[in-house]
Amino acid sequence: TVDAAAKDPNGISAVIPGWFSEISPMWPGEAHSLKVEKILFQEKSDYQNVMVFQSSTYGKVLVLDGVIQLTERDECAYQEMITHLPLCSIPDPKKVLVIGGGDGGVLREVARHSSVEKIDICEIDKMVVDVSKQFFPDVAIGYEDPRVTLHVGDGVAFLKAVPEGTYDAIIVDSSDPIGPAQELFEKPFFESVARALRPGGVVCTQAESIWLHMHIIEDIVANCRQIFKGSVNYAWTTVPTYPSGMIGFMLCSTEGPAVDFKHPVNRIDENDQNLARPLKFYNSELHTAAFCLPSFAKRAIGSK
Ligand code: SAM
């Protein structure tokens, strides 16, 4: 039965009938499971298996190629942190690019910043956009902001075509480095990000788990230290439904006006204009705390 579960592309487990088990070679020997009330959508796009199911305790769940991308209950942690860690670290961000993030959650968070004038998003899979609008309206609400322009395509190609110094901030809200997102973790992509940012511009990327992927993180840090001549920092947060219950972020700035990621200059939580939908997770104290690492991670990352 375990083999059957491992072979099932959507991870619907035969080990515990009626449960989704997130079985993946990216986290061998472990699998987080959620009880499935009902499968709501299951199709293969040009890029990946897309599935949505109603869980019994985390609301609806979006799964791509058998890997949980977001749940209604805890997506706030990831979307708010990956967005406000960079945008609250620079004064008056105006032009923002999101790579990936097809569910629209990062767009929803970027839209909280009244200084932002233009939000571009480049998502490779239109099916993710459509599925999010259908099943996750409180996440896809980000697309309703008039400052948003959706480009459907590969983020690698999109960035190659972007004029130098275009953006104040780039957020790489990617899936994991297996499948369409693989190149978003490689050096040429980071070089194209650095070129697309203005001097003192910032990037924040989804940067895996210090419990599971320290080797990937060390490679990312080494590449970023070579490419970004401003600040380079690793932060993390808790997301219960991500493998090992956490996710990390790589925060880098290009040469130019200094960026201190650890002390937000653009504090959104005090004057969160969007009180209709107050922040659920991010605040300025948590922003600073996110950069405090366990000793094993500090040694590994600091040595790169
Ligand atoms: N926002 C999610 C969450 O809350 O956890 C995180 C993952 S988001 C769904 C990842 C997105 O990256 C997916 O929609 C996937 O289609 C997209 N993606 C993967 N590779 C890509 C590429 N090369 N260019 C653009 N988008 C890509």
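All of these numbers come straight from a predicted model, not from anything done at the bench. Atoms within each ligand, like the ligands themselves, are counted from 1 in listed order.
Counting heavy atoms from C-beta on, the side chains of Ile68 and Leu34 come closer than 4.5 Å. In this structure, the side chains of Lys126 and Val152 come closer than 4.5 Å at one or more pairs of heavy atoms. Residues Met127 and Lys44 are not in side-chain contact: their nearest non-hydrogen atoms beyond the backbone lie 4.5 Å or more apart. No side-chain heavy atom of Arg108 sits under 4.5 Å from any side-chain heavy atom of Thr83. Annotation: side chain of Ile90 is not in contact with side chain of Asp92 (no heavy-atom distance under 4.5 Å).
Not one N or O of Ile99 is nearer than 3.5 Å to an N or O of ligand 1, by distance alone. Geometrically, ligand 1 and Ile124 share a nitrogen or oxygen pair separated by less than 3.5 Å. Some N or O of Ala181 is nearer than 3.5 Å to an N or O of ligand 1, by distance alone. At under 3.5 Å, a nitrogen or oxygen of Asp103, whether backbone or side chain, sits near a nitrogen or oxygen of ligand 1.
Using bins of under 30°, 30° to 60° and over 60° for the plane-to-plane angle, the ring pair Tyr58/His32 lands in the perpendicular bin.
For the pair Pro163 and Arg195, the tightest heavy-atom approach, listed with the atom from each and the gap, is C-NH1, 4.1 Å. Ala207 and Met250 make their closest contact through CB-N, 3.6 Å (heavy atoms, listed as atom of the first residue, atom of the second, distance).
Summary of contacts: the protein heavy atom closest to atom 3 (C) of ligand 1 is Gln69 O, 2.8 Å. Counting only heavy atoms of the protein, atom 19 (C) of ligand 1 lies nearest to Ser175 OG, 3.3 Å. What sits closest to atom 10 (C) of ligand 1 on the protein, heavy atoms only, is Asp173 O, 3.3 Å. Annotation: atom 17 (C) of ligand 1 to nearest protein heavy atom, Glu123 OE1, 3.3 Å. Of the protein's heavy atoms, Gln79 NE2, 2.9 Å lies nearest to atom 4 (O) of ligand 1. For atom 5 (O) of ligand 1, the closest non-hydrogen atom on the protein side is Tyr242 OH, 1.9 Å. Nearest protein heavy-atom contact of atom 24 (N) of ligand 1 is Gly155 N, 2.9 Å.
Glu75 places no side-chain N or O within 3.5 Å of a backbone atom of Leu70 that could act as its donor or acceptor partner.
In Leu64, the part holding a heavy atom less than 4.0 Å from any atom of ligand 1 is the side chain. Contact annotation: for Gln48 versus ligand 1, heavy atoms closer than 4.0 Å belong to the side chain alone. Both the backbone and the side chain of Pro180 come within 4.0 Å of ligand 1, judged by heavy-atom distances. Neither the backbone nor the side chain of Glu75 comes within contact range of ligand 1; no heavy atom lies under 4.0 Å.
Counting atoms of ligand 1 from 1 in the listed order, those under 4.0 Å from a heavy atom of Leu70 are 3 (C), 4 (O). Close contacts of ligand 1 with Cys122, meaning ligand atoms under 4.0 Å from a residue heavy atom, involve 25 (C), 26 (N). Per-residue contacts place Gly153 under 4.0 angstrom from the following atoms of ligand 1 (heavy atoms of the residue considered): 24 (N), 25 (C). Of all the atoms in ligand 1, the ones that sit under 4.0 Å from a non-hydrogen atom of Val128 are 14 (O). Counting atoms of ligand 1 from 1 in the listed order, those under 4.0 Å from a heavy atom of Asp154 are 22 (C), 23 (N), 24 (N).
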Can His84 and His113 be said to form a side chain to side chain donor-acceptor pair (under 3.5 Å), step by step?
CA-CA 9 Å; His84 303 309; His113 292 261; 2.9 Å; yes
Please step through side chain to side chain donor-acceptor pair (under 3.5 Å) for the pair Asp103 and Gln69, ending with a clear verdict.
CA-CA 9 Å; Asp103 49 270; Gln69 301 296 311; over 6 Å; no
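Figure legend: Lys133 and Tyr143 shown as a cation-pi pair, the cationic atom lying under 6.0 angstrom from the six-membered ring centre and within 45 degrees of its axis.
For atom 12 (O) of ligand 1, the nearest non-hydrogen atom from the set Gly100, Gly102, Ala157, Gly105 belongs to Gly100.
Taken together through direct or relayed side-chain contacts under 4.5 Å among Ile, Leu, Val, Met, Phe, Trp and Tyr, Val106 and Ile268 form part of one hydrophobic cluster.
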